[in-house]
Amino acid sequence: MSSSTKTEFQTYDNFINGEWTKNASGEMFPVYDPSTEEVIAQVASSNQADVEKAVKAARAAFDSGPWATTSAQDRGRILFKLAEKIRQNSARLAELECRNTGKPIVEAEYDIADVATCFEYYGGLATKVLGSVNPVPANALSFTLREPVGVAGQIIPWNYPLLMAAWKLAPALAAGCTCILKPAEQTPLTALEFANCFAEVGLPPGVVNIINGLGETAGAALVAHPGVDKIAFTGSAAVGKLIVKSAADTLKRVTLELGGKSPNIFFTDADWEASIDGALFGVFINQGEVCSAGSRILVEKKIYPQFVEAMTEKAKRIKLGAPLDRETKMGPLVSKEQYDRVSSYLELGKKEAKVAIGGNRPREFGKGFYLEPTIFYDVDNTARIAREEIFGPVATVIPFEAESDAIRIANDTLYGLAAAVWTRDIYKAFRVVKSLRAGIVWVNHMQPTYVEAPWGGYKQSGFGRELGPWGLEEYLETKQVFVNLDEAPINWY
Ligand code: NAI
Ligand code: MG
């Protein structure tokens, strides 16, 4: 097929100051194709010394490099060029993303298109960062300057690798920051390939650096480093808490997107076919490895038995298969670690609730981290499978009696990233929307995500917002400037 299927065993160093740079220890770690369990690349395992180098480069680029005086227009143009590069290479990048994550190729293609759109959006926004003139009661001019935060450390997960890189790099560059990106150790390949075009589009050396490595070493060193001004993180709540603690020592700005246990609520009057589809799509897209997965499916009691039955019937049609097969709707989980973690929840779920479908490893696959799409029903919201983020193809269906119960159960979680409600009753829909403690609420849909609208959570799903103007805001400082217009001395002493 294409060239990337032949280059089985590439090695990747770190990308620092515009150059591929060997890591200090020389240690590498393997990167896998989760559908075959074969090694497809070897990547540098970075430590403190490597992070030191990257911070030095990013710091110099921010403090005294040409980037510091690159105009907003030119930063915007560079972002447009990055988008163009992504579009030119979209087939190759989608295939690489597909092979490295195990997600279906069709979904990978959507992701790569969204990556390009994200760079375009922030390319346009770069020139629309405005300050204010402040009506102070003095013979003076008071105004604000919006300035970049500085060096941004960006730590991303493995479920949407290049898209998560784009969500972090694009607003940071629009704002004028410099970046040190740490991809997830499971899925660094697309971001690393992307780095090959940085010089060509005119990004000066040191503006975007990529450090490979494990979270506990490379990631932790980045968070602790005093030369880093801000950390943007997407990943587990457990690591989010570690990051806040460590960042406290240097009082870094931190933004966190930590996933959830999002409710997808179905009322009797909702469109039936759309609801069944929406319940499945909400939780099984991307193998369920989605921070906003609708993993708690709340169904009104009147339709509950039929709903579970219809979901189960339709779930039988979900085609598991090779990620590169265009018919595939669900690939393997990303790693052995994630497969084991989700498998242990499958065993737990069999004790805590009833199985409508799935619950096992599918027989037809000899290799690969495949698991069946699984629906647990008669789940109590106090069960661990209803409280803990599973991050795999596992749905829990929970019945409710009245609207007030739906809201109570929906909000009875430590998380608050997303939620959805399905009904034709406009009064009910908006009452529920207002009652839900979540950063994203869909009505009669679940999962559509657009760069124009904010993304982020309430409660223990984190803080800060990505995307839209909100995403750019997180990379900006506000400087207040006071210009005295009164030439007379203060005359105080
Ligand atoms: P993780 O939170 O450990 O990894 C995410 C990123 O953080 C990776 O780049 C990793 O290298 C880095 N990291 C890990 N430990 C770190 C540390 N001490 N300091 C700095 N960076 C660190 O996620 P993991 O272990 O891959 O998955 C565990 C669970 O996390 C999943 O089952 C899922 O529930 C959740 N998760 C949520 C995501 C989301 O989109 N909100 C994405 C990935 C995982
Ligand atoms: Mg981890």
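Read the numbers this way: they start at 1 and go in the same order the structure lists the ligands and their atoms.
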For this session: If the plane angle is over 60° it's perpendicular, under 30° parallel, otherwise tilted; pick one for Phe391 and Trp158.
Result: perpendicular
Problem set entry | Heavy atom of the protein closest to atom 20 (C) of ligand 1 (residue, atom name, distance) | Gly219 C, 3.3 Å
Seminar exercise, completed: When distances are taken from atom 26 (O) of ligand 1, the protein heavy atom at minimum range is Trp158 NE1, 2.6 Å
Problem set entry | Close aromatic pair by centroid cut-off 6.0 Å: Tyr370 and Tyr339 | no
For this session: Using a strict 4.0 Å threshold on nitrogen-to-oxygen distance, state whether Arg253 and Glu477 make a salt bridge.
Result: yes
Problem set entry | Heavy-atom nearest neighbour in the protein, as seen from atom 38 (C) of ligand 1, with distance rounded to 0.1 Å | Phe391 CZ, 3.3 Å
For this session: Could you tell me whether Lys336 and Glu37 have a side-chain N and a carboxylate O separated by less than 4.0 Å?
Result: no
Problem set entry | For atom 14 (C) of ligand 1, the protein heavy atom that lies nearest, with its residue and separation | Gly215 CA, 3.5 Å
For this session: For this output row, return yes or no: ring centroids of Tyr160 and Tyr110 closer than 6.0 angstrom.
Result: no
For this session: Using a 4.0 Å heavy-atom cut-off, say whether Leu258 meets ligand 1 through its side chain, its backbone, both or neither.
Result: backbone
For this session: Determine the sole option in Asn14, Asn212, Asn23 for which the side-chain hydrogen bond (donor to acceptor under 3.5 Å, both in side chains) test with Ser46 is passed.
Result: Asn14
Exercise. What part of Glu289 sits under 4.0 Å from ligand 1 if we count only heavy atoms: the side chain, the backbone, both or neither?
Worked result: neither
Seminar exercise, completed: Filtering Pro161, Ala184, Cys291 for the heavy atom nearest atom 40 (O) of ligand 1 leaves Cys291
For this session: For atom 1 (P) of ligand 1, grab the closest protein heavy atom and report residue, atom and distance to one decimal in Å.
Result: Ser236 OG, 3.6 Å
Problem set entry | Minimum-distance pair of heavy atoms, taken over all atoms of Ile297 and Ala279 | CD1-O, 3.8 Å
Exercise. Counting from 1, what ligand 1 atoms have a heavy atom of Glu257 closer than 4.0 Å?
Worked result: 41 (N)
Exercise. How close do Val223 and Ser246 get, heavy atom to heavy atom, and via which atoms?
Worked result: CG1-OG, 3.5 Å
For this session: Quick one: look up the protein heavy atom nearest atom 15 (N) of ligand 1 and list residue, atom name and how far away it is.
Result: Val239 CG2, 3.5 Å
Problem set entry | Minimum non-hydrogen distance to atom 32 (O) of ligand 1, winning option of Arg341, Glu388, Glu389, Lys245 | Arg341
Exercise. Got a protein heavy atom sitting under 4.0 Å from atom 4 (O) of ligand 1?
Worked result: no
Exercise. Of all the atoms in ligand 1, which lie at a distance below 4.0 Å from a heavy atom belonging to Gly259?
Worked result: 41 (N)
Seminar exercise, completed: One finds that the ligand 1 atoms under 4.0 Å from a non-hydrogen atom of Asn159 are 40 (O)
Exercise. Does Phe233 reach ligand 1, in the sense of a heavy atom lying below 4.0 Å from it?
Worked result: yes
Exercise. Which bit of Ile156 gets closer than 4.0 Å to ligand 1, counting heavy atoms only: side chain, backbone, both or neither?
Worked result: backbone
Problem set entry | Where Ala61 and Val207 come nearest, the two heavy atoms and their spacing | CB-N, 4.0 Å
Exercise. Taking only heavy atoms of Ile155, which atoms of ligand 1 are found under 4.0 Å from at least one of them?
Worked result: 6 (C), 7 (O), 9 (O), 12 (C), 20 (C), 21 (N)
Problem set entry | Shortest protein heavy-atom distance from atom 10 (C) of ligand 1, along with the residue and atom involved | Glu185 OE1, 3.5 Å
For this session: With ring-ring contact (aromatic ring centres under 6.0 Å, His included) as the test, would you mind laying out the steps for Trp167 and Trp455 before giving the verdict?
Result: CA-CA 10 Å; Trp167 283 21; Trp455 187 268; 5.7 Å; yes
For this session: Would you indicate which of Ala247, Gly235, Ala218, Pro157 comes nearest to atom 37 (C) of ligand 1 when only heavy atoms are counted?
Result: Gly235
Seminar exercise, completed: Taking every heavy atom of Phe233 against every heavy atom of Gly240, the minimum-distance pair comes out as CE2-N, 3.7 Å
For this session: Measure from NZ or CZ of Lys230 to the centre of the six-membered ring of Tyr475 and say whether it is under 6.0 Å with the direction within 45° of the ring axis.
Result: yes
